[in-house]
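Written below as structure tokens is the structure these notes are about.
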There are 2 protein chains.
Amino acid sequence: MKKAPTIRDVAASAGVSVSVVSRVLNPDSGPVAPAKRQDVLRVIDELGYRPRAAARELSAGHALTIGLVVTDLSNPFFARLADRIVWEARSHGIQVVLMTTQEDPHLEADSLDTLLDRSVSGVIATPTGGNIEKWARLQDLGVNVVFVDRTIDELANVDVVSIENFDSAKRSTQHLIGLGHTRIALVTGPLSTSTGRARINGYRAAHEEASLAVDPLLIRDVPFRGDSGGDAVGSLLSMPQPPTGLIVANTAQVQSSVRRLVQVGIRIPDELSVIVFDDNPWTELMSPPLSVIRQPLDMLAVHSLELVLGRMQGKLSADPRLIEVKADFLARNSCAPLAQTAIH
Amino acid sequence: MKKAPTIRDVAASAGVSVSVVSRVLNPDSGPVAPAKRQDVLRVIDELGYRPRAAARELSAGHALTIGLVVTDLSNPFFARLADRIVWEARSHGIQVVLMTTQEDPHLEADSLDTLLDRSVSGVIATPTGGNIEKWARLQDLGVNVVFVDRTIDELANVDVVSIENFDSAKRSTQHLIGLGHTRIALVTGPLSTSTGRARINGYRAAHEEASLAVDPLLIRDVPFRGDSGGDAVGSLLSMPQPPTGLIVANTAQVQSSVRRLVQVGIRIPDELSVIVFDDNPWTELMSPPLSVIRQPLDMLAVHSLELVLGRMQGKLSADPRLIEVKADFLARNSCAPLAQTAIH
DNA sequence: ACCCGGAGTGGAACCGGTTCCACTTTTGTA
DNA sequence: TACAAAAGTGGAACCGGTTCCACTCCGGGT
């Protein structure tokens, strides 16, 4: 087990001072004679020298690292988001430290502390909703925070990247209303989340515009974790007047909800028209393929990274940004006109 | 934007030397009078002091961080594996830096260099198969390497955690043979990977034991990336004598393969019995639900982390470990006796 | 009364980079 | 030719921890 060479080894071997080597390593940090630059580069190559990140960070005061804080990677939405972010970050020479919260504010708090220890220069996160002071403190210490997918209203100065939640929910609802449905169920996220509220509002707006009353019993705000989606679906289907349309707007509960539908054996779309918020590849493999709201992950990833990087380089004005990207509605065969439903 | 307090701030504020603070921070590194310990702890709390990881790492020479190198997180197998590993690691106070390779040895080489810069004490990886010298160098520099899922035969001294590939493939094949199938297709990974070879061998062994000849045209080794699984399936189905059974043993190509089956509209299991290597939740949602080889992700994650940690603490003997965990075969409704097939 | 050993403490070197600054050499221009 | 400005260089401080070591106490054994 060898020891890795240091900058002083390189300097000695090239017959120059460490300052020169450092300047070769960081162009624009000072002049170096072309001949010596060549020497140094040759020695670096021969020795296989690589500067140690810890030393660099210590002296710089911050790391070329960002933290990515998501609920968990078993949710394909976050997995693919993480994949894109890691990919984008790499192309900017930035590493990603991954932390998961399991929707637990305590674990989230831990993660933030750890990221602080690491002096990350930025954090991209899907916040649980708690830890308001902690987030504020993070920003206070100069960490650039970007929330993706969700936001926390109490935090005014955070950049946010999300999809057009209100609009997506509204369009989905309108689509079902357009097919003649009047009893449309909505399974969405907790009311404590911005996402959950926006989607309910969109759902309501669609009803209002169509002069339809909203049955509050058809709206189910359920947690992100556990099997709550399936339970909600079960409960909805056993109502005296069960819904003829269903929108699952809680991405984390789509799988659970659909599993229940399959278990119960309800015929889609004959007995129930279904739309889910998720562009998981498998939605297309089901029979019938599910109509979905496709969340443009690339855009979410690109924009959030752009914001973090922009802040890191001080390129952005002080005021917080809110970027909402459009989500596509993809009609497949899981929705049918109510008339058809009535036949059965 | 405030500046975070340092150990010297704490020392000054508590009226002690930095040595004392450091000893409070690292119990067992030296004695501290109980009274002073209390003082220091109080000040730390008041100031919200947290030691900076970079400084610690610089002086320690290595980081309490491991690198996780996988192909990409859009493959649910890796996503869930990463999730488990991050989760396990956290409970040991260890952070995970995530890198993806897209199966590209160049990107993999980049990742390894980066991890080296970060002085990670361990790496858990699904190697692409290239970069043999680089992996060796990494070990030479004292980084503990554990391969998970796959291995590289040329590297003798690496710990490996994988499922029983030979056995899993053999059992799947036997299951179809037991149902009367004689023309069983196998879509597996590249022959350059240990996984690919082991699975083919298992498939062959099952045939031999049943005194069945193997039609080499039914074995398709395809890359992990792209749409190669779908293409292989398409090609298999258009053979003069198409297979009546199909095993997709290339986890990365399961989705692509199944998508093709759905597109073609072949009836499962009437026209084709299907088994896939993957315990993706959606396999259960299809109609019919797919029979699968369930890879015990938790075990893979736990064991690989255990190995890395064990090495880090020097608890393990020098010789490399090979841990093979059992994968369960889950029969669902995508397999039927050949007789039934003959009716159609 | 004397000495020894261990608890407790602080000073200072060290880890491996970056950066400021003083200094020498070259270059350009009047 | 003279002199200011720019290019090039190396020494040393610094980032914020850890750790070695020397030193001061104190109590216990002879």
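A, B, ... follow the sequence lines: proteins, then strands. Residue 1 opens every chain. Just so we're clear, the structure is a prediction, and the values are computed from it rather than from any experiment.
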Self-check item: A:Arg52 and B:Asp117: CA distance, side-chain angles, deciding distance, salt bridge (charged side-chain N to carboxylate O under 4.0 Å, His left out) verdict
Solution: CA-CA 5 Å; A:Arg52 300 213 13 204; B:Asp117 299 349; over 6 Å; no

Quiz item: Rounding to a whole Å, what distance do you find between B:Arg23:CZ and C:dG8:P?
Solution: 10 Å

Exercise. Might you point out which heavy atoms bring A:Arg311 and A:Asp319 nearest each other, and give the distance in Å?
Key: NH2-O, 3.1 Å

Practice problem: Would you tell me if any nitrogen or oxygen in the side chain of B:Ser17 comes within less than 4.0 Å of OP1 or OP2 on C:dG10? | Solution: yes

Exercise. Would you kindly give the CG-to-P distance between A:Leu25 and D:dT9, to the nearest whole Å?
Key: 16 Å

Quiz item: Just how far, in rounded Å, is P of D:dG16 from CG of B:Asp9?
Solution: 8 Å

Quiz item: How far apart are the closest heavy atoms of B:Leu112 and B:Lys134, and which atoms are they?
Solution: CD1-CG, 4.0 Å

Quiz item: Can you tell me if the side-chain N/O atoms of A:Arg52 get under 4.0 Å from OP1 or OP2 in C:dG17?
Solution: no

Quiz item: The side chain of A:Val18 lies closest to which of these nucleotides: C:dT9, C:dC15, D:dA12?
Solution: D:dA12

Quiz item: Where the side chain of B:Val16 is defined as all heavy atoms beyond and including C-beta, which of C:dT18, C:dG10, C:dG8 is the nearest nucleotide?
Solution: C:dG10

Quiz item: Checking A:Thr128 side chain against A:Gly130 main chain: does a donor-acceptor pair fall under 3.5 Å?
Solution: yes

Quiz item: Closest to the B:Ala55 side chain: D:dG17, D:dT9, D:dC15?
Solution: D:dG17

Practice problem: Go through C:dG16, D:dG17, C:dA12 for me and flag the one nearest to the B:Ser19 side chain. | Solution: C:dA12

Self-check item: Among C:dT18, D:dT19, D:dT18, the one nearest B:Asn26 by side-chain distance
Solution: D:dT18

Practice problem: Hey, which sits more toward the 5' end of DNA chain C by its nearest nucleotide, B:Ser59 or B:Gly30? | Solution: B:Gly30

Self-check item: Candidates B:Leu25, B:Asp9, B:Val40 - the one meeting side chain to side chain contact (heavy atoms under 4.5 Å, CB included) with B:Tyr49
Solution: B:Leu25

Quiz item: Think A:Thr6 has a side-chain N or O under 4.0 angstrom from the OP1 or OP2 of C:dG16?
Solution: no

Quiz prompt | Polar pair under 3.5 Å, donor/acceptor by atom type, side chain A:Arg8, base C:dG17 | solution = yes

Quiz item: Base, sugar-phosphate, or nothing for B:Pro31, non-hydrogen atoms under 4.0 angstrom?
Solution: base

Quiz item: Counting just side-chain N and O atoms, does B:Lys36 come under 4.0 Å of either OP1 or OP2 of C:dG8?
Solution: no

Self-check item: Short side-chain N/O contact from A:Ser22 to OP1 or OP2 of C:dT18, under 4.0 Å
Solution: yes

Quiz prompt | B:Ile7 CD1 to C:dA12 P, straight-line distance once rounded to whole Å | solution = 17 Å

